[in-house]
Amino acid sequence: MELSELNPPPRLLLGPGPSNVHPRVYRAMLAPVIGYLDPAFLQLLSDTQVPLRAVFRTGNELTLPISGTGSLGMEAAIYNVVEEGDTVIVCINGFFGSRMADMARRCGARVVTVEADWGRAIEVEQVEAALRQHPGAKAVCIVHAETSTGVLQPLIDIARLCRERGALVIVDAVTSLSGAPLEVDAWGLDVVYSATQKCLSAPPGMAPITFGPRAVEAMQRRREPCRSWYVDLTMLREYYGGPRRYHHTPPMSMLYALREALRLVLEEGLEERIARHRRHASALWAGLEAMGLRLHVEDESLRAPPLTTVRVPEGVDEARLRQDLLERHGIEIGAGFGPLAGKVWRVGLMGYSSQPQNVLALLHALEVELWRQGCEVPRGAGVEAAARVLASGDA
Ligand SMILES: *Cc1c(COP(=O)(O)O)cnc(C)c1O
């Protein structure tokens with residue numbers, strides 16, 4: 001048997017991730033693979049930790065890329081901190097909060113959940129009540145940008161509260177890193193992880209993570225070893241720094257990709273990059289609303305610029321519309337799931353995908369496909385409204 005030539009179709013990736021990979025990142029991945037103990041590779045590893053700290057806005061020494069996707073970053077965060085018998089508070093207002101709870105349970109923790117509807121933020125009072133009921137709680141887990149709902153969770157007050165009560169804050173910043181404001185040190189976040197394929201616009205495969213001093217202390221006080229061998233930081237840190245002892249072979253090509261992606265962030269400027277995500281999301285929101293569509297997260301201040309949830313209008317076949325966007329326009333958007341299944345579409349404007357022409361292309365394609373299904377949205381109104389926001393430059 002012969003395999004045909006590899007030929008994935010060109011796609012505009014406007015879903016919940018991955019985002020389109022920047023051409024310079026692809027180019028970096030062609031660099032030759034070298035040994036994991038080659039001084040040149042070790043230097044490259046160290047070099048990459050410096051911009052990672054800049055992007056996380058932290059001075060944390062223990063800041064490194066985990067070899068795996070965002071979910072492995074989540075495991076690294078939770079498995080290193082949480083032990084059998086610990087009480088852990090997990091905030092759940094979407095899909096990824098539930099995944100954090102699942103992982104904490106697998107570590108043998110007693111999990112206390114604090115919940116909000118999919119599309120709403122967790123209130124600081126809820127966390128306060130949970131901490132009052134469980135004063136010995138070791139950690140609070142929370143998602144910054146919930147990719148399943150489009151909510152950007154305010155973290156400052158919750159983090160401050162956790163510090164006062166002696167609980168660690170573990171934050172999922174998979175979709176927010178370099179796409180929304182995130183201040184690891186200034187906000188006092190203890191463990192924060194992300195992934196390469198969302199706003200960093202590299203392929204999936206690496207999970208940047210950072211551990212603050214309180215988290216390092218908690219790891220040093222562990223009664224039993226981390227239940228995951230692969231993400232055990234006591235071993236990983238001896239390869240990423242210190243004695244450079246072999247642990248696993250890091251995917252070199254992915255490290256090259258991450259390095260180039262970080263170089264692109266620094267060139268653009270972190271603040272400008274975050275402002276770009278905000279500007280293009282605002283244009284998208286204005287366009288969708290001008291078409292008469294409704295955004296699922298009503299409070300604009302709680303919307304995550306990298307991911308927008310838009311309600312499916314009455315009478316529209318949501319799966320068919322997504323399929324037509326993909327097949328007729330080459331555009332991928334995401335479906336809703338859990339309680340939002342069939343009710344929303346998820347539109348990502350992440351990293352390299354967050355560009356003005358992509359906003360306009362999507363709004364136009366959406367209009368065409370809605371009409372084909374008999375949903376007569378005002379002609380041209382979406383593109384017009386978005387273009388106005390893009391031109392005003394003050395979004
Ligand atoms: C995508 C995502 C993850 C999981 O990352 P994978 O790379 O798919 O393993 C975790 N949390 C959030 C908020 C995400 O959006």
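First listed ligand is number 1; within each ligand, the first listed atom is number 1. In this text, all values refer to a predicted model and were calculated from it rather than measured experimentally.
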Undergrad: Is it true that Glu84 and Arg227 make a salt bridge, defined as a side-chain N closer than 4.0 Å to a carboxylate O?
TA: yes

Undergrad: Indicate, as side chain, backbone, both or neither, the part of Gln197 found under 4.0 angstrom from ligand 1 when only non-hydrogen atoms are considered.
TA: side chain

Undergrad: Using 0.5 Å steps for rounding, measure from the CD1 atom of Ile66 to the OG atom of Ser194.
TA: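 If we round to the nearest 0.5 Å, Ile66:CD1 and Ser194:OG are 12.5 Å apart.
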
Undergrad: If you measure from CD1 on Ile158 to CH2 on Trp187, what distance do you get to the nearest 0.5 Å?
TA: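 One gets 11.5 Å once the value is rounded to the nearest 0.5 Å.
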
Undergrad: State the atoms of ligand 1, each with its element, that fall below the 4.0 Å cut-off from a heavy-atom position in Ala145.
TA: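 By the 4.0 Å cutoff, the relevant atoms are 13 (C).
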
Undergrad: Rounded to the nearest 0.5 Å, what separates atom CG in Asp172 from atom SG in Cys91?
TA: 12.0 Å

Undergrad: Would you mind listing which atoms of ligand 1 come within a distance below 4.0 Å of any non-hydrogen atom of Ser71?
TA: 4 (C), 5 (O), 6 (P), 9 (O)

Undergrad: Donor-acceptor pair, distance only, cut-off 3.5 Å: does the side chain of Ser201 make one with the backbone of Asn20?
TA: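 Yes: the side chain of Ser201 pairs with the backbone of Asn20.
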
Undergrad: Distance under 4.0 Å to a non-hydrogen atom of Gly70: what atoms of ligand 1 satisfy this?
TA: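 Contacts of ligand 1 toward Gly70, numbered from 1: 5 (O), 6 (P), 7 (O), 9 (O).
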
Undergrad: In ligand 1, which numbered atoms sit nearer than 4.0 Å to a non-hydrogen atom of Lys198?
TA: 1 (C), 2 (C), 14 (C), 15 (O)

Undergrad: Tell me which protein heavy atom sits closest to atom 11 (N) of ligand 1, plus the residue, atom name and distance to 0.1 Å.
TA: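 Minimum-distance protein heavy atom for atom 11 (N) of ligand 1 reads Asp172 OD2, 2.7 Å.
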
Undergrad: What atoms in ligand 1 come closer than 4.0 Å to a heavy atom of Thr147?
TA: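 Taking each heavy atom of Thr147 in turn, ligand 1 has 12 (C), 13 (C), 14 (C), 15 (O) under 4.0 Å.
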
Undergrad: When you measure from the side chain of His280 to the backbone N and O of Ser354, does any donor-acceptor pair fall under 3.5 Å?
TA: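 Yes, His280 side chain to Ser354 backbone: donor-acceptor pair under 3.5 Å.
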
Undergrad: Below 4.0 angstrom from a heavy atom of Thr69, which ligand 1 atoms are there? Numbered from 1 as shown, please.
TA: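 Counting atoms of ligand 1 from 1, those under 4.0 Å from Thr69 are 6 (P), 7 (O), 9 (O).
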
Undergrad: Could you give the distance from SG (Cys107) to CG (Asp102), rounded to the nearest 0.5 Å?
TA: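 Cys107 SG to Asp102 CG: 10.0 Å, rounded to 0.5 Å.
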
Undergrad: At what distance is the nearest protein heavy atom to atom 3 (C) of ligand 1, and which residue and atom is it?
TA: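 Checked against all protein heavy atoms, atom 3 (C) of ligand 1 sits closest to Phe96 CE2, 3.4 Å.
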
